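This report concerns only the one structure given below.
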There are 2 protein chains.
Amino acid sequence: MKTACPRPNAYAATCPTRLVLDRVADKWAVLILGSLSEEPVRFDELRRLIEGVSQKMLSQTLKSLERDGLVSREAIPTVPVTVEYSITPLGRTLSATVDGLLIWAETHIDQVLKAQKQYDAGLQRKAA
Amino acid sequence: MKTACPRPNAYAATCPTRLVLDRVADKWAVLILGSLSEEPVRFDELRRLIEGVSQKMLSQTLKSLERDGLVSREAIPTVPVTVEYSITPLGRTLSATVDGLLIWAETHIDQVLKAQKQYDAGLQRKAA
DNA sequence: CAGAATCCAGCTCGATACTG
DNA sequence: CAGTATCGAGCTGGATTCTG
């Protein structure tokens, strides 16, 4: 707890750490960042790439990401308009950090699943 | 994309990576894990420590964390009962990973805030 | 193609009250 | 102290429809 914005109680509405956490907590945001890691992608392409997004959530999330400076938007004046989204350098550093989490998930999911089974089994016995 | 559970499209309901992400996305879960990092803490103590939790969310989140094997619960048979929650080794590895995110937040929040200002300023001009 | 706007079903979460 | 149970307001997000 030696940082300017103290953890773990950095969640007061006034504290901006919360803002970042909320962003990462957003399923679609993480997915979008990942999809843009290799190259710029168009709106509709993203829609197909990210299975299950509604166009509302896609548009909404892209707008937030752009506002946060994590993604940049470029409208190319073709007919009809083409819009390319790409990840910014800032977004890339965040993405790298999030990757740490994904790796944790992949390497520890077995333990989590096992713990769940044991827990549920314990409840079974009590119920009986 | 060389992992067993492919990213970024690891979000299908069947894919357990999602489960972990959802856990991390949970504000209270992160806060609880942080609060337990030093030593075991009792329920009511947690309630005071974590400003703004309802006892419902605290109880609910603790239960999930316990089920996932991230937190362990020990009931001490005093009168009235005392219950101590502590972080497990598994929970500690997750917490360490999440810390990376918190550090990112602290070191980059300035850039994010600045980007937001610029974005909002841009909208202003259009509206005018 | 790239969105904006509207409508509403469902789930989350806080508040409140009660229990062992 | 350590919870559980219930209820309702509010927000989230999907489906649908429409525009430049």
Side-chain angles (χ1 to χ4, degrees), chain A residues 11-13 18-19 21-32 35-36 39-67 71-86 119-120 122-123 126-127, chain B residues 11-13 18-19 21-32 35-36 39-67 71-86 119-120 122-123 126-127:
Chain A
Y11 275 90
R18 169 72 179 285
L19 183 153
L21 260 294
D22 280 351
R23 198 108 288 292
V24 172
D26 185 336
K27 169 184 169 181
W28 301 125
V30 173
L31 244 17
I32 291 174
S35 298
L36 296 179
E39 52 188 355
V41 182
R42 282 177 298 104
F43 187 87
D44 221 53
E45 210 171 337
L46 272 175
R47 206 147 119 67
R48 267 172 287 124
L49 235 52
I50 302 176
E51 193 177 339
V53 231
S54 64
Q55 104 349 327
K56 177 185 178 181
M57 286 317 292
L58 181 56
S59 147
Q60 201 172 102
T61 308
L62 280 170
K63 204 177 293 183
S64 299
L65 287 172
E66 193 196 350
R67 192 172 105 99
V71 154
S72 71
R73 194 192 104 115
E74 186 188 9
I76 303 164
T78 54
V79 181
V81 187
T82 307
V83 179
E84 274 195 352
Y85 289 93
S86 43
Y119 183 91
D120 294 345
L123 289 190
K126 281 189 184 174
Chain B
Y11 275 90
R18 170 71 178 285
L19 183 153
L21 261 294
D22 281 350
R23 199 109 284 294
V24 172
D26 184 336
K27 168 185 169 182
W28 301 125
V30 173
L31 243 17
I32 290 174
S35 298
L36 297 179
E39 53 189 352
V41 182
R42 281 176 298 104
F43 187 88
D44 221 52
E45 210 172 337
L46 273 175
R47 205 146 119 68
R48 266 172 289 125
L49 234 50
I50 302 174
E51 191 178 341
V53 231
S54 64
Q55 78 8 327
K56 178 185 177 181
M57 286 316 293
L58 182 55
S59 149
Q60 203 172 100
T61 308
L62 280 170
K63 206 178 289 184
S64 300
L65 288 172
E66 192 195 352
R67 192 173 105 97
V71 153
S72 71
R73 193 191 104 116
E74 187 190 8
I76 303 165
T78 53
V79 182
V81 186
T82 306
V83 178
E84 274 195 353
Y85 288 93
S86 41
Y119 183 91
D120 294 344
L123 289 189
K126 282 189 184 173

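We name chains A, B, ... by the order of the sequence lines, and we start the count at 1 in each one. Keep in mind it's a predicted model, so treat the numbers as computed, not measured.
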(request) Report the residues that fulfil salt bridge (charged side-chain N to carboxylate O under 4.0 Å, His left out) with E84(B), sequence neighbours left out, ordered by chain and then residue number. (result) none
(request) Shoot me the first and last contacting nucleotide of DNA chain D against chain A, ordered 5' to 3', at under 4.0 angstrom to non-hydrogen atoms. (result) dG13(D) to dT16(D)
(request) May I ask you to test the R23(B)-L65(B) pair for a side-chain heavy-atom distance under 4.5 Å? (result) yes
(request) Round to a whole Å and report the spacing from CG of L49(A) to P of dA2(C). (result) 13 Å
(request) Calculate the interatomic distance between L58(B) atom CG and dT12(C) atom P; express it in whole Å. (result) 18 Å
(request) Could you tell me whether D22(A) and K27(B) have a side-chain N and a carboxylate O separated by less than 4.0 Å? (result) no
(request) Kindly indicate whether the side chain of D120(A), heavy atoms from C-beta on, has any atom under 4.5 Å from the side chain of R67(B). (result) yes
(message) Can you list everything that forms a side-chain contact (heavy atoms from CB on, under 4.5 Å) with S72(B)? Sequence neighbours excluded, please.
(response) S86(B), T88(B)
(message) Using whole Å, what does the distance between atom P of nucleotide dT12(C) and atom CG of D22(B) come to?
(response) 10 Å
(request) For residues I32(A) and V41(A), determine if any side-chain heavy atom of one lies less than 4.5 Å from a side-chain heavy atom of the other. (result) no
(request) Could you tell me whether the side chain of L31(A) reaches within less than 4.5 Å of the side chain of T61(A), counting heavy atoms only? (result) no
(message) What is the separation between atom CG on L62(A) and atom P on dC1(C), rounded to the nearest whole Å?
(response) 16 Å
(message) Please report the end-to-end axis angle for the helix from dC1(C)-dG20(D) to dG20(C)-dC1(D), five pairs per end, rounded to 10 degrees.
(response) 40°
(request) Starting from C1' on dG3(C), measure out to CD on E84(A) and report it in whole angstrom. (result) 17 Å
(request) Let me know the distance between NZ of K63(A) and P of dG3(C), rounded to the nearest Å. (result) 9 Å
(message) My understanding is that only residues two or more places apart in sequence, or in another chain, count here; which of them pass side-chain hydrogen bond (donor to acceptor under 3.5 Å, both in side chains) with S59(B)?
(response) none
(message) Nearest whole Å is fine: how far is dT12(C) C1' from D26(B) CG?
(response) 11 Å
Show the distances under 3.5 angstrom between N or O atoms of the protein and N or O atoms of nucleotides 15-20 of chain C.
from, atom 1, to, atom 2, distance (Å)
dA17(C), N6, Q55(B), NE2, 3.4

(request) Indicate whether OP1 or OP2 belonging to dG3(C) is found under 4.0 Å from a side-chain N or O atom of Y85(A). (result) yes
(request) Work out which heavy atom in Q55(B) is nearest to a heavy atom in F43(B); give both atom names and the distance. (result) O-CZ, 4.1 Å
(message) Holding to side-chain contact (heavy atoms from CB on, under 4.5 Å), I want the full list of residues that pass it with K56(A), two or more places apart in sequence or in another chain.
(response) S54(A), Q60(A)
(request) Calculate the interatomic distance between I32(A) atom CD1 and dA2(C) atom P; express it in whole Å. (result) 14 Å
(request) Tell me, please, which residues at least two apart from R73(A) pass side-chain contact (heavy atoms from CB on, under 4.5 Å). (result) E66(A), A75(A), V83(A), Y85(A)
(request) Using a 4.0 Å heavy-atom cut-off across all strands, classify R47(A) as base, sugar-phosphate, or nothing. (result) nothing
(request) Using only side-chain N and O atoms of S59(A), determine if any of them is under 4.0 Å from OP1 or OP2 of dA2(C). (result) no
